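None of the values given here were measured: they were computed from a predicted structure. The analysis underlying the following values was restricted to heavy atoms, covering all of them including side chains, and did not include hydrogens, waters or symmetry mates. Every chain is numbered from 1, with letters handed out A, B, ... down the list of sequences.
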Amino acid sequence: MGDGPLPYTRAPMTHETDPTIRVRFAPSPTGFLHVGGTRTALFNWLFARHHGATFVLRIEDTDRDRTREEWVDGIQATLRWLGLDWDEGPYRQGDRLGRYLDAAEQLVASGAAYESWLTEAELDAERQTAKTDGGVPRFHERAMEIGPGLPSDDRSRSIWFRTPTSGTAEFDDVVRGHVAAPWDTIADFMIVRSSGDAVFYLANAVDDADMGITHVIRGEDLLDSTHRVLAIRAALGHPGAPVYAHLPLLVGHDRAKLSKRHGAVAVEDFRDAGYLPEALVNYLSLLGFPAPAEGSEVRPVTEVVTDFDLGRVNHSPAFFDHDKLDWMNGEYLRALPVSELVARAGCWCRSATARGDAAAASVDVDAPEFAALLGVAQKRLVTLAEVPGFVAFLFCDESSFRIADDSWDVVVATERVTDVIEAVIVHVETCAWTVEAISLQPVIAALGLKPRTVMSALYAVVEGRHSGLPLFDAMHALGRDRTLGRLRSARARLG
RNA sequence: GCCCCCAUCGUCCAGCGGCCUAGGACACCGCCCUUUCAAGGCGGCGACGGGGGUUCGAAUCCCCUUGGGGGUGCCA
């Protein structure tokens, strides 16, 4: 294909509702769904919902060795947890091998592809030669020397697509604009493995055509592969092509493509760490897509759907910033009605218990005190995972209650601490048992002290750590007897 | 090596030739509020990688350069 009119150019896309639009998210089930893939899924979903289009889920499991059913299930569960519902699928490429093989044979018959019995060592040698010559590997000639026909030794057959040796590979990308590369820089590539399985390029081309995909929205790491997929599609005789939109990559601290080695990137890890799905979705929607000029970055996904426009997607890679995600999660936690927060936190604690989290296991999420404490814990939470730490002082029997060492140090270092504790004991013995009546400011003032100089010690004595939930709420939840017990035992420990 | 993509505060975005002495958010720092810690309020620090053009005028357009990333796999 030479110069001239762009073979894959499409009309500008519409932003009106169009039910004929079909997009797909096509993850490879070789691991947990991670945040990069999730951002791709999200943008496909946003685009689909914005246009009233169909969102297809397709599992690209052409690599049998690395595919595991638990990943296939896990990816779907994670998408559901995030609220990214799909309209069709999941289709499995593993179920469609026959289609790919038929297509491959068609390509061989037409001369667009060729069969090869070359060994990996021979392929490597060809690549080395090509590199030395400053060119790109073409295996056809060598392949013909060995084949066609079944050789006598233990060679096995693979099928290769023969790329053009001149002309320009090109297409128009909604976010990148016109993308072009000389064909003589693109090597022949395998479309059917010696195992008989289809390779990504082939399966991708066939499926997008068969499934009537109109818009392909995916990561920029797939940008170069587009030329190959489009070439297969053209050679197969499929008219037209989808509109392509390549999203900027998500990167880690080193600006390299986000991956496992950058730490927790699996969405399930974020769920287990106490992040809310709506916060994660909201945060991800900010990476590569602008927030409204006026108004908040924190907004319901329905608003993002209304706003969404592929043409406004950014071009440059985005750093996945855990700090900003933390802030976002806190925003969502604070915005929750307390009853909802109690439900979510309770749910999180129960699932944490199943994972063997002792701190979460000790929390009685049905206790009325739990709900009362969450009301004051709410604006202090960054994640649900911090809940057990805040309420642990309440859900332990007195014999196992412990004051953290560094917090006891604070107690010991506090000015006139025994006077303070004794005065507080006297007050607690007799005051009315309401949060307001427990208030200790008058007690401390009566000693001629400023609250801020002694409060930390009291937090430590009652809650086990010198910084925690508001003390009077904590004491109220604990009850008069347990509170007195802790105050007296601290007094005794001080000697 | 070759091909492709990208380039505004530390980070994520705004800016699409004059409204820019470059705006917002996160982070950071300070102050206020305050029973600790938070939350909240107020303020501060902080960027157009470099060089050429084009233009009356460039963060915005073009070229080069530098830097970063991606691809080049019997991974997708």
Side-chain angles (χ1 to χ4, degrees), chain A residues 26-30 37 60-63 65-66 120 123-124 127 130-132 134-137 156 158 160 169 173 175-177 179-182 184-187 189-197 199-201 203-204 218-228 246 248-249 251 253-257 283 286-298 314-328 330-331 334 376-382 390 410 438-441 444 450-452 454-460 463 465-474:
Chain A
S28 177
T30 54
E60 305 221 324
D61 54 352
T62 53
D63 184 348
D65 294 339
R66 296 202 306 154
E120 291 195 48
L123 290 168
D124 284 342
R127 289 193 179 99
K131 191 172 184 178
T132 306
V136 110
S156 48
S158 55
W160 294 70
D173 188 284
V175 345
R176 309 277 147 189
V179 179
D184 63 10
T185 63
I186 301 175
F189 57 93
M190 180 183 278
I191 55 176
V192 176
R193 290 183 241 273
S194 55
S195 65
D197 287 317
V199 173
F200 159 75
Y201 302 112
N204 202 268
R218 31 134 71 154
E220 199 205 327
D221 51 342
L222 263 10
L223 187 67
D224 290 320
S225 76
T226 306
H227 295 123
R228 289 179 271 258
H246 286 93
L249 257 23
V251 300
H253 307 281
D254 54 2
R255 306 302 297 182
K257 182 165 68 166
Y283 174 64
L286 258 23
L287 298 182
F289 191 73
E294 322 253 317
S296 177
E297 292 182 329
V298 183
N314 255 124
H315 294 185
S316 41
F319 172 74
F320 186 82
D321 187 353
H322 287 257
D323 284 341
K324 188 152 184 177
L325 204 215
D326 281 350
W327 164 78
M328 181 71 76
E331 288 286 305
R334 270 169 247 132
V376 292
Q378 186 165 30
K379 62 170 85 70
R380 295 169 172 79
L381 293 173
V382 170
F390 275 117
V410 170
I438 291 170
S439 178
L440 297 175
Q441 286 100 327
I444 290 160
K450 287 184 177 175
R452 66 179 311 113
V454 300
M455 288 302 292
S456 289
L458 295 171
Y459 276 85
E463 299 189 45
R465 54 191 202 182
H466 60 281
S467 167
L469 261 19
L471 189 60
F472 317 144
D473 294 273

Report task. Look at the side-chain N and O atoms of R452(A) and state whether any lies under 4.0 Å from the OP1 or OP2 oxygen of rU36(B). Result -> yes
Report task. Classify the nucleic acid contact of A460(A) as base, sugar-phosphate or nothing, counting any heavy atom under 4.0 Å across all strands shown. Result -> nothing
Query - Protein proximity profile, nucleotides 6-12 of chain B - base contact B, sugar-phosphate-only contact S, no contact -, cut-off 4.0 Å on heavy atoms - result: SS---SB
Query raised in the report: Could you run down nucleotides 61-66 of chain B 5' to 3' and tag each one B, S or - for protein heavy-atom contact under 4.0 Å?
Result: ------
Query raised in the report: Under 3.5 Å, is there an N or O donor on one side and an acceptor on the other linking the side chain of S158(A) and the base of rC74(B)?
Result: no
Report task. Output yes when at least one side-chain N/O atom of K257(A) is less than 4.0 Å from OP1 or OP2 of rG71(B), else no. Result -> yes
Requested in this report: Could you tell me whether the phosphate oxygens of rA76(B), OP1 or OP2, come under 4.0 Å of any side-chain nitrogen or oxygen in T62(A)?
Outcome: yes
Report summary line: Comparing R334(A) with G135(A), nearest RNA chain B nucleotide closer to 5' gives the residue G135(A)
Report summary line: Re rA14(B): Watson-Crick or G-U wobble partner, both distances kept under 3.5 Å, found to be none
Report task. Determine whether any donor atom in the side chain of D224(A) lies under 3.5 Å from an acceptor atom in the base of rG70(B), or the reverse, and answer yes or no. Result -> yes
**Report entry** G-U wobble or Watson-Crick pairing nucleotide for rA7(B) (cut-off 3.5 Å, both distances)
**Finding:** rU66(B)
Query - P248(A) vs W160(A), nearer the 5' end of RNA chain B by closest nucleotide - result: P248(A)
**Report entry** Nucleotide opposite rC42(B) in a Watson-Crick or G-U pair, distances under 3.5 Å
**Finding:** rG30(B)
**Report entry** Test item: side-chain donor near acceptor, R218(A) and T226(A), under 3.5 Å
**Finding:** yes
Query raised in the report: Partner of rC19(B) by Watson-Crick or G-U wobble geometry, both contacts under 3.5 Å, or none?
Result: none
Query - Contact list for RNA chain B against residues 465-472 of chain A - heavy-atom distance below 4.0 Å - result: H466(A), S467(A), G468(A), L469(A), P470(A), L471(A), F472(A)
Requested in this report: In whole angstrom, give the distance that lies between atom CD of E331(A) and atom C1' of rG40(B).
Outcome: 11 Å
Report summary line: Across every strand shown, the nucleotide meeting Watson-Crick or G-U wobble geometry with rU35(B) (both distances under 3.5 Å) is none
Requested in this report: For K379(A) and rA38(B), give me the distance from atom NZ to atom P, rounded to whole Å.
Outcome: 13 Å
